[in-house]
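Remember, it's 1-based here, ligands and their atoms both numbered in the order they're listed. Quick caveat: nothing in here was measured; it's all calculated off a predicted structure.
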Amino acid sequence: MNSERTLILGGGISGLACALRLAGAGRKVTLVEGSDRLGGLGAFFEHEGRTFEKFYHCMLPSDGPLLALLDSLGLTPEIYWKPSTFAYAGAGRIFPLNTPLDLLRFAPLPFADRIRVGLTGLWGRLCSDKGLDDLSTVDWLTRLSGRRAFETFWKPMLEAKFGDRHQDVPALWFWTRFNREKGESKGEVKGYIRGGYKRIIERAAERLRELGVEIRLGESIQSADLDENGSPFVITARGREDAARLLITLPWPGLAQVTGPRLRQAAQVPDWGIDFQGVVNHLLFLKRPLTPHYWLATPESQFPFDGVVETSALTDESDRGTGRHVVYLTKYLHRDDPRFAQPAEEIHRPWFAALQRLFPDLAESDVEAAHTFRAPYVEPVYTRGFLKRRPPEVLVPGKVFLATTAQVYPVVTSWNGSVIQAGRTVDAMLL
Ligand SMILES: Cc1cc2nc3c(=O)[nH]c(=O)nc-3n(C[C@H](O)[C@H](O)[C@H](O)COP(=O)(O)OP(=O)(O)OC[C@H]3O[C@@H](n4cnc5c(N)ncnc54)[C@H](O)[C@@H]3O)c2cc1C
């Protein structure tokens with residue numbers, strides 16, 4: 001029992017960012033992570049002496065709070081930036097889509113629709129966000145671009161994140177994406193860090209230890225609750241553990257499962273039922289590149305994945321190996337969808353065959369290795385009026401606090417979004 005201690009639950013970027021802020025403010029902190037590694041969705045694995053993210057990750061110049069945190073860890077000199085491009089696969093062709101001229105040449109849309117899409121993009125960056133939380137993206141973009149352009153151009157981007165749950169996503173979410181990803185006037189650039197995200201995670205852990213934070217791995221929280229005096233405690237495989245304060249950063253559906261009855265009753269939560277979309281990433285180490293584009297959207301139903309993310313378009317050879325190219329085939333799926341649990345070998349054959357339809361000269365002998373990764377809780381399934389459902393920072397005043405992805409909205413789900421949320425929650429704690 002430690003009456004002064006804050007117990008942080010979860011060691012993804014949310015938990016790490018909260019721990020850095022709190023310990024930096026002189027608080028006594030213990031961080032408890034259920035898996036055997038820190039980093040959450042930004043976690044990595046080893047391949048031939050290098051590490052790679054299980055799920056593609058990069059930074060944007062507009063990620064100010066994340067970049068400031070990395071700077072405080074002395075990592076700014078390790079971050080590098082490269083131009084990054086987007087393309088769209090349609091009718092067996094690849095259409096780059098990065099400039100107004102690319103859009104004017106975008107054959108899958110009739111000419112008049114190309115103009116409307118261009119004007120929609122422009123308007124999305126200029127208009128106010130007022131009222132957009134209560135309007136669906138489908139209605140907003142259909143109104144601005146027309147039904148045909150919505151179906152061909154915008155809908156695939158929504159489906160790429162939410163699958164069949166895209167219908168009710170508020171326009172505010174899409175508005176934020178317009179403004180995050182196209183925030184650069186000199187063309188789009190993306191950032192990566194020498195040594196990969198492992199570098200960030202390990203540097204953060206090192207700083208936390210310097211600040212006296214106890215980090216415990218492999219300790220899954222089975223229950224978080226309040227005792228009869230209203231004091232917080234958790235149950236792990238080690239037994240019951242009391243703390244002066246809990247700061248919970250677990251993904252919302254997981255948190256809803258472990259929240260005990262007293263905490264559930266005391267917490268002012270508008271909606272415990274916020275659902276999450278999951279993701280499957282099939283990662284290919286290739287001996288050849290596919291395209292120069294970081295992101296290739298594959299919206300046609302012949303593709304079992306929504307996009308081809310070629311991170312080697314962004315990363316230096318020193319970070320991936322000479323002649324090695326890294327491609328993630330990505331599909332957002334709900335954890336209840338049977339495709340979510342498909343064995344890796346059942347994924348590889350059809351997904352690779354679909355990729356070969358797009359790149360007929362791609363051979364199995366070009367594949368050095370393949371890995372499949374799944375995450376059940378990635379993106380909240382947003383619905384209209386989500387601002388009213390957003391969970392609060394303070395669950396029980398002075399005792400239980402929350403910093404989790406379900407609160408990041410309308411900021412895009414990202415490491416930057418989590419750092420912003422961590423700041424809000426710790427501010428509420430330190431008041
Ligand atoms: C495919 C994909 C691509 C992405 N691309 C980018 C990108 O390019 N740039 C970007 O900034 N972001 C990207 N993201 C988003 C980013 O990874 C997340 O927004 C961010 O990692 C969320 O951090 P978090 O700490 O809130 O949650 P998580 O990373 O989910 O961490 C939660 C932690 O809690 C732990 N935990 C869960 N249950 C328990 C329990 N019962 N007991 C103890 N511990 C528990 C988990 O093991 C985990 O470590 C991407 C995500 C995915 C999946």
Side-chain angles (χ1 to χ4, degrees), residues 7-19 30-44 53-60 62-63 65-67 69-70 84 160-161 180-181 190-193 196-197 200-201 204-205 215-224 234-238 241 246-259 276-283 294-295 305-307 309 311 314-315 328-333 373-380 402-409 411-422 425:
L7 209 55
I8 296 184
L9 312 184
I13 183 61
S14 296
L16 293 172
C18 287
T30 297
L31 188 148
V32 183
E33 161 59 36
S35 73
D36 58 1
R37 277 209 169 140
L38 296 171
L41 294 173
F44 52 88
E53 289 73 50
K54 293 179 175 176
F55 306 98
Y56 53 89
H57 270 72
C58 69
M59 300 161 216
L60 299 182
S62 52
D63 288 348
L66 171 64
L67 296 172
L69 183 135
L70 300 184
S84 153
K161 273 279 187 203
R180 175 182 189 237
E181 299 197 355
K190 287 188 165 60
Y192 194 67
I193 182 159
Y197 273 54
I200 305 176
I201 295 161
I215 299 176
R216 299 200 324 235
L217 303 177
E219 272 188 49
S220 191
I221 305 297
Q222 295 162 3
S223 169
V234 296
I235 309 271
T236 70
R238 282 169 35 144
E241 197 156 343
L246 293 183
L247 200 179
I248 305 177
T249 76
L250 311 185
W252 186 259
L255 160 64
Q257 273 168 26
V258 301
T259 305
F276 265 55
Q277 190 66 304
V279 81
V280 177
N281 271 191
H282 188 57
L283 186 161
Y294 179 77
W295 190 290
F305 41 81
D306 303 308
V309 187
T311 55
L314 170 64
T315 58
Y328 294 73
L329 306 178
T330 184
K331 178 78 185 166
Y332 275 84
L333 284 170
F373 299 105
R374 301 176 178 76
Y377 307 130
V378 179
E379 191 85 26
L402 184 70
T404 185
T405 327
Q407 299 165 297
V408 164
Y409 177 90
V411 174
V412 172
T413 306
S414 61
W415 275 39
N416 188 55
S418 294
V419 171
I420 295 172
Q421 183 55 47
T425 301

Using 30° and 60° as the class boundaries, would you call the ring planes of F373 and F55 parallel, tilted or perpendicular?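 It falls in the perpendicular class, over 60°.
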
Under 4.0 Å from a heavy atom of [X]: which atoms of ligand 1 are those, numbered in the order shown and with their elements?
X	result
N281	1 (C)
G40	29 (O), 31 (O), 48 (C), 49 (O)
G10	34 (O)
V378	53 (C)
G12	25 (O), 31 (O), 33 (C), 49 (O)
V279	53 (C)
T405	26 (O)
S418	22 (C), 23 (O), 26 (O)

Minimum non-hydrogen distance to [atom], winning option of [options]:
atom	options	result
atom 25 (O) of ligand 1	S14, G417, S414, P376	S14
atom 16 (C) of ligand 1	Q222, H57, M59, R37	H57
atom 37 (C) of ligand 1	P251, G254, A375	P251
atom 38 (N) of ligand 1	L41, V280, L250	L250
atom 41 (N) of ligand 1	V32, L314, I221	I221

Would you check whether T404 reaches within less than 4.0 Å of ligand 1, judged by its heavy atoms?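 It does not, in that no heavy atom of T404 comes within the 4.0 Å cut-off of ligand 1.
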
Indicate yes or no: does an N/O atom of [X] lie under 3.5 Å from an N/O atom of ligand 1?
X	value
E219	no
G39	no
Y56	yes
E33	yes
G42	no

With heavy-atom distances below 4.5 Å as the criterion, would you say the side chains of T405 and F276 are in contact?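 Contact flag for T405/F276 side chains = yes.
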
Without hydrogens or angle criteria, can the side chains of Y409 and Q421 be said to hold a donor-acceptor pair below 3.5 Å?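 Checked: Y409/Q421 side chains show no N/O donor-acceptor pair below 3.5 Å.
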
Do T259 and Q257 have side-chain atoms, one donor and one acceptor, less than 3.5 Å apart?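 Result is no, nothing qualifies.
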
To the nearest 0.5 Å, tell me how far [X] [atom1] sits from [Y] [atom2].
X	Y	atom1	atom2	answer
C18	I248	SG	CD1	11.5 Å
R216	L7	CZ	CG	6.5 Å
I201	I13	CD1	CD1	8.0 Å
E33	I215	CD	CD1	10.5 Å
Y377	L41	OH	CG	12.0 Å

Taking only residues two or more places apart in sequence or in another chain, which ones pass ring pair (Phe, Tyr, Trp, His ring centres under 6.0 Å) with Y56?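 Y56: ring pair (Phe, Tyr, Trp, His ring centres under 6.0 Å) contacts with W295, Y328.
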
Under 3.5 Å donor-acceptor, R37 side chain and L217 backbone: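 A pair under 3.5 Å: no.
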
What are the two closest non-hydrogen atoms of V408 and S418, and how far apart are they?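 The answer is CG2-N, 4.2 Å.
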
